[in-house]
Amino acid sequence: MKENLLKENRRTFLKGGLVLGGLALLSPEKVISSPAHTQDDEFKILTGPYLQTNFGNSISILWITSKNSASWVEYGEAADKMDKKAYGRSELGLKPAGRLNCVKLENLQPGATYFYKIVSREISDFQPYKLTYGDSISGATESFVNTNVAKEEISFVMINDIHDRPKSIPQLLDLDKGNKRDFIFFNGDVFDYQTDEKQIIDHMLQPCVDYFAKTTPFVYVRGNHETRGKFARDFAAYFDHVGYTAFTLGPVRFVILDTGEDKEDTHPVYAGIVDFDRYREEQAVWLEHEVSRKEFKNAPFRIVMMHIPPRYSGDAHGAVHCTQLFEPIMNRAKVDLVLSGHTHQYKVHGPAPKLNNYPIIIGGGPRDGFRTLTKITASRKQVQVSMLDDSGKEVGAYTVRRK
């Protein structure tokens, strides 16, 4: 019965859009128009700044300009003394000179507040032996707190499966208004599929910039829908990181898995140009190494975040492959909690004998009444999870206590 409900929910989500070759096409009111990068003469910041981090006393500041530029960040611990400069990462001795800007500030002081300003100088002509600059533009002075990774208590919220509904970002975050979180976590399927730059800006980046991303970083892992569409191979360039990784914050070792597509690699819609089975197998090898690290073993709590849950998401190939590869490792490693999405049916699954030894929290879907914001707070004694629907009602809760 649960499987039938799940299938019905996903069918309902696809209503209103034509389905072609297994991929849902946007309904007319959601069609993405022309690319954000136009050929007018104005040099401007299209969106940003927005922050990402892995909490290693560093933070990445990203923004997009309308034309190629030489860019940097001015920063310091006082608004009237931003006397430090940082540039994008050099490759083979060459500094970046494009439109997509990512500058990492490193060796930051734990718990310190930093003020910063983004600056870009247009490259109007680029000849072999002569580079001509145009106008310079800068953003307003912004600030962020460099999170102390040794802090006793941490908190964050999770959003998942909003599927090209940008208004869901502020609407869901309004349910947590006034609370200061260490980061916002996007657990996949922010989009239906990848069309162009304008979609990425309008449907995610700009709503994040407007609401929180100038001052609070976000962490992001792809869902299966972010692997689809003609722009999927350009998608990662707009972020500092969207794949699998691990980091420690406070009492928690976080492990993020990129679960890939839920269809077979041989499915006709992919025309032989995907290899998600091997990608998941690569992650399983990496995960075996990760769970043997002292940072993982010695952490009071270990939380895995992955779009497709390791169980309870049907019999599609990708879901089954995730269960086969990741569940045995996570059971042996004594994972404390898994946070997922994908099914569009919010649910709290407790540990199940001979299946998953850990609770699995699955966030909701894109439709009104099924959207969720999941709030997580962790101390050295316990992890508390509270899942709210879009009316603000708590629809799921779980507490993991330290053994």
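Note that the coordinates shown come from a computational prediction; the quantities given were computed from them, not determined experimentally. Note that the numbering runs from 1 along the sequence shown for the chain.
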Just verifying a value: how many Å separate T216 OG1 and F183 CZ, rounded to the nearest 0.5 Å? 11.5 Å
Distance-only donor-acceptor hits, side chain of residues 327-337, under 3.5 Å, sequence neighbours excluded:
| residue | atom | partner | partner atom | Å |
| --- | --- | --- | --- | --- |
| E327 | OE1 | R311 | NH2 | 2.8 |
| E327 | OE2 | R311 | NE | 2.7 |
| E327 | OE2 | R311 | NH2 | 3.3 |
| N331 | OD1 | N357 | N | 2.8 |
| N331 | OD1 | N357 | ND2 | 3.4 |
| N331 | ND2 | L355 | O | 2.8 |
| R332 | NH2 | E288 | OE1 | 3.2 |
| R332 | NH2 | E288 | OE2 | 2.7 |
| D336 | OD2 | R302 | N | 2.8 |

Check: H225 main-chain N/O paired with D189 side-chain donor or acceptor under 3.5 Å: yes
Who pairs with R121 by salt bridge (charged side-chain N to carboxylate O under 4.0 Å, His left out), at least two apart in sequence or on another chain? none
If the threshold is 4.0 Å, N to carboxylate O, is there a salt bridge linking R228 and D262? yes
Would a 4.5 Å heavy-atom cut-off, applied to side chains only, mark E282 and V285 as touching? no
Does the Q199 side chain pair with the main chain of Y193, one donor and one acceptor, at a distance under 3.5 Å? yes
M306 vs V338, side chain to side chain contact (heavy atoms under 4.5 Å, CB included): CA-CA, chis, key distance, verdict: CA-CA 7 Å; M306 53 196 297; V338 172; 4.1 Å; yes
Of all pairs that satisfy side chain to side chain donor-acceptor pair (under 3.5 Å), the ones with a partner from residues 390-401, not counting sequence neighbours: R371-D390, S386-E394, D389-S391
Once rounded to the nearest 0.5 Å, what's the spacing between atom OG1 of T248 and atom CZ of R253? 4.0 Å
What residues, two or more places apart in sequence or in another chain, satisfy side chain to side chain donor-acceptor pair (under 3.5 Å) together with H317? D277
Side-chain touch V385/T374, heavy atoms, less than 4.5 angstrom: yes
Out of T53, L108, I154, D182, which one pairs with T147 under the side-chain contact (heavy atoms from CB on, under 4.5 Å) rule? D182
Going through the checks in order, is the side chain to side chain contact (heavy atoms under 4.5 Å, CB included) test met by H344 and R367? CA-CA 9 Å; H344 298 181; R367 293 186 295 123; over 6 Å; no
Less than 4.0 Å between a side-chain N and a carboxylate O, is that true for E106 and K104? no
Show every donor-acceptor pair shorter than 3.5 Å between a side-chain atom in residues 54-63 and any protein atom, with sequence neighbours excluded, or say none if there are none.
| residue | atom | partner | partner atom | Å |
| --- | --- | --- | --- | --- |
| N54 | OD1 | G56 | N | 3.3 |
| N57 | OD1 | N146 | ND2 | 3.1 |
| S60 | OG | D240 | OD2 | 2.9 |
| W63 | NE1 | S120 | OG | 2.8 |

Shortest non-hydrogen contact between F43 and N68, atoms and distance: CE1-O, 4.4 Å
Partners meeting side-chain contact (heavy atoms from CB on, under 4.5 Å) with A86 (sequence neighbours left out): Y75, V103, L105
So F191 and F235, would you call those rings parallel, tilted or perpendicular, with 30° and 60° as cut-offs? perpendicular
Would you find more than 12 non-hydrogen atoms of other residues, nucleotides or ligands less than 6.0 Å from D125 atom CG? yes
What verdict does the side chain to side chain contact (heavy atoms under 4.5 Å, CB included) test give for N101 and S69, after you've listed the backbone C-alpha separation in whole Å, the side-chain angles of each residue and the deciding distance to 0.1 Å? CA-CA 9 Å; N101 303 285; S69 63; 4.0 Å; yes
Distance from I64 atom CD1 to S71 atom OG, nearest 0.5 Å? 11.5 Å
I need the full list of side chain to side chain donor-acceptor pair (under 3.5 Å) pairs touching residues 133-143, with sequence neighbours left out, sorted by first then second residue. none
T215: partners by side-chain contact (heavy atoms from CB on, under 4.5 Å), with sequence neighbours left out: none
If you look at every heavy atom in I162 and P366, which pair is closest and at what distance? O-CB, 3.7 Å
Please round to the nearest 0.5 Å and tell me the distance separating atom CG of L46 and atom CG of L205. 10.5 Å
F186/F239 aromatic ring centres below 6.0 Å: no
Does any non-hydrogen side-chain atom of K67 lie less than 4.5 Å from one of I123? no
Would you name the heavy atoms of Q109 and Y114 that are closest together and state the gap between them? N-OH, 2.8 Å
Any donor-acceptor pair under 3.5 Å linking the side-chain atoms of D192 with those of H163? yes
Would a distance-only check, ignoring hydrogens and angles, find a side-chain to backbone donor-acceptor pair under 3.5 Å from S379 to K381? yes
Residues P207 and P166: closest non-hydrogen pair is CG-CB, 3.9 Å
Contacts of K177 meeting side-chain contact (heavy atoms from CB on, under 4.5 Å) (sequence neighbours excluded), chain-then-number -> D174, Y211
I376 and M305: CA distance, side-chain angles, deciding distance, side chain to side chain contact (heavy atoms under 4.5 Å, CB included) verdict: CA-CA 12 Å; I376 301 94; M305 303 192 289; over 6 Å; no
Pair E226, Y220: side-chain N/O donor-acceptor within cut-off below 3.5 Å: yes
Give me each pair satisfying side chain to side chain donor-acceptor pair (under 3.5 Å) with a member in residues 76-97, each pair once, sequence neighbours excluded. none
Minimum heavy-atom distance between I308 and G260, given as atom pair plus value: CD1-O, 3.9 Å
Non-hydrogen atoms of T377 and S155 that approach each other most closely: OG1-CB, 3.8 Å
Only counting residues at least two apart or in another chain, list the ones meeting side-chain contact (heavy atoms from CB on, under 4.5 Å) with F276. R222, T227, E261, D265, V274, Y279, R280
Roughly how far, to the nearest 0.5 Å, is the CZ atom of F218 from the NE2 atom of H241? 13.0 Å
Do the ring centers of F185 and F254 come within less than 6.0 Å of each other? no
Testing N224, D161, N160 for side-chain hydrogen bond (donor to acceptor under 3.5 Å, both in side chains) with H342, which one passes? N224
I'd like to check K297 versus K294 (side-chain heavy atoms, cut-off strictly below 4.5 Å). Are they in contact? no
Do the rings of F231 and Y238 sit parallel, tilted or perpendicular, given the 30° and 60° boundaries? tilted
How many angstroms lie between atom CD of E122 and atom NZ of K44, to the nearest 0.5 angstrom? 12.5 Å
Salt bridge (charged side-chain N to carboxylate O under 4.0 Å, His left out) partners for D275, two or more places apart: R278
Give a yes or no answer on whether the side chain of Q283 reaches the backbone of D258 with a donor-acceptor pair at less than 3.5 Å. yes
Side-chain (T343) to main-chain (Q345) donor-acceptor, under 3.5 angstrom: yes
